[in-house]
Amino acid sequence: MLEPKLLHLPILEWYENNARELPWRTDDSTPWGVLVSEIMLQQTPVARVLPVWLEWMARWPAPKALAAEPPGEAVRHWGRLGYPRRALRLHACAKAIVAEHDGHVPSDHATLLALPGIGEYTAAAVASFAYGGRHAVLDTNVRRVFARAVRAEEYPPTATSAAERRLAEALLPELGAARWGVAVMELGALVCTARSPRCADCPIAGACAWRLAGKPPHAGPARKGQSYAGTDRQCRGRLLAVLRSAHGPVPKAALDAVWDEPIQRERALDGLITDGLAEHLDDGTYRLPHT
DNA sequence: TAACCGTGGCT
DNA sequence: TAGCCAAGGTT
């Protein structure tokens, strides 16, 4: 195994000099701000999250403020971040924090994990970044950095393995684990990127097993691409965009107008209602959820 | 476990 | 240009 200190110092020093200034990382950011940023950043780039996060923090500076709103307002102000079920879960999360934790974001990993929309990664991230807890933060960036630096592979496996978790925990420093986690993430986001890694700028290039092996390309089968055009997801997105931009119930015809294929359209609309992203009123109109 | 869940920028 | 990809979670 690679000696952890060969990685720690160079990466931490690199982070000192190259970290982006992000508002959820400042000294006055709150655990709630960190939590909201983590949910928004799930599968969504920083540049798109930034303006929405700022608006959310101004509008809902604490869980209690969001919990007082109907869930549809969370969905509306989610805008076009994508995966709007995250907005719904974040709203449910705020309500649970108010109901079960007196409005305070928990600091304990297991307690965080029990909240809606918070999985293994996000629980570790909040416990670590907001409270300084010592947890292995295994996101796609960290997994890629470790896959390359330690395992000499271009990409990590599809699903997080026990071996990856063991490695991440073995590399966790006794002190300063939170800073270490964010530093490795940042390295993956800015230098050790998925497609065109900037190895010339990498602080651990000299120790990177993948680079030393000649950067062998990913061996296994190509990862499944996510098709989008013509899918239910695209249809749901179109329908929900109509509900978001309207400031009241909309007639069925307004929804019919944005998607031609009727079978798929009805299926997608049913799905939105089942998921709690839309409501069907008695008069036949539709709107964002009020309850 | 693998499919499903949005959106848009980049190469 | 058309994939590829982005601080995942849920079922």
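Here is the naming used below: chain letters follow the sequence lines, and residue numbers restart at 1 for every chain.
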Can you tell which of C/dT10, C/dA7, C/dG8 lies closest to the side chain of A/Glu186?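 Nearest to the side-chain atoms of A/Glu186, counting from C-beta on, is C/dA7.
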To the side chain of A/Tyr155, which of C/dC5, C/dG9, C/dG8 is closest?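 In terms of side-chain proximity for A/Tyr155, the closest of C/dC5, C/dG9, C/dG8 is C/dC5.
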Distance check needed: [N] [atom2] versus [X] [atom1], whole Å only.
X        : N      : atom1 : atom2 : answer
A/Tyr228 : B/dC5  : OH    : C1'   : 10 Å
A/Leu277 : B/dC4  : CG    : P     : 18 Å
A/Asp275 : C/dT11 : CG    : P     : 10 Å
A/Gln234 : B/dG8  : CD    : P     : 11 Å
A/Arg85  : B/dA3  : CZ    : P     : 16 Å
A/Asp232 : B/dC5  : CG    : P     : 6 Å
A/Leu239 : B/dC5  : CG    : P     : 13 Å
A/Glu154 : C/dC5  : CD    : C1'   : 13 Å

Over all strands shown, is [X] touching base, sugar-phosphate only, or nothing at heavy-atom distances under 4.0 angstrom?
X        : value
A/Arg80  : sugar-phosphate
A/Gly82  : base
A/Leu22  : base
A/Ala125 : nothing
A/Ser227 : nothing
A/Trp78  : nothing

Taking the six-membered ring for Trp and the full ring for Phe, Tyr or His, determine whether the centres of A/Trp56 and A/Trp78 are under 6.0 Å apart.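 Under 6.0 Å, so yes.
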5'-most contact on DNA chain B: A/Thr231 or A/Thr158, nearest heavy atom basis?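 It is A/Thr158 whose nearest nucleotide is closer to the 5' end.
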Can [X] and [Y] be counted as having a side-chain donor-acceptor contact under 3.5 angstrom?
X        : Y        : value
A/His109 : A/Glu120 : yes
A/Thr44  : A/Arg86  : yes
A/Tyr121 : A/Gln42  : no
A/Trp210 : A/Glu154 : no
A/His77  : A/Glu55  : yes

Span that lies between the P atom of B/dA3 and that of C/dA7, in whole angstrom: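 Their P atoms lie roughly 22 Å apart.
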With P as the reference atom in both, quote the distance from B/dG6 to C/dT11 in angstrom, rounded to an integer.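 It comes out at 14 Å once rounded to the nearest Å.
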So, under a plain 3.5 Å distance rule, would you say the side chain of A/Arg195 forms a donor-acceptor pair with the base of C/dC4?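 For A/Arg195, whose side chain was compared with the base of C/dC4, there is a donor-acceptor pair (under 3.5 Å).
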Any [X] side-chain N or O less than 4.0 Å from OP1/OP2 of [N]:
X        : N     : value
A/Thr122 : C/dG9 : yes
A/Arg89  : C/dG9 : no
A/Arg144 : C/dA6 : yes

Which residues in residues 31-54 of chain A have a heavy atom closer than 4.0 Å to any atom of DNA chain B?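 Listed by number, they are A/Gln43, A/Thr44, A/Arg48.
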Check ion pair A/Glu174-A/Arg134 (N to O, under 4.0 angstrom):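 Counted as a salt bridge, because a side-chain N and a carboxylate O are separated by less than 4.0 Å.
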Does a side-chain N-to-carboxylate-O contact under 4.0 Å join A/Glu100 and A/Lys95?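 Here A/Glu100 does not pair with A/Lys95 in a salt bridge, since their nearest N and O are not under 4.0 Å apart.
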Any chance you could measure A/Lys252, atom NZ, to A/His280, atom NE2, to the nearest 0.5 Å?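 Separation between the atoms: 8.5 Å.
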If you assign A/Leu113 and A/Gly188 each to the DNA chain C nucleotide with the nearest heavy atom, which residue ends up on the more 5' nucleotide?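 It is A/Gly188 whose nearest nucleotide is closer to the 5' end.
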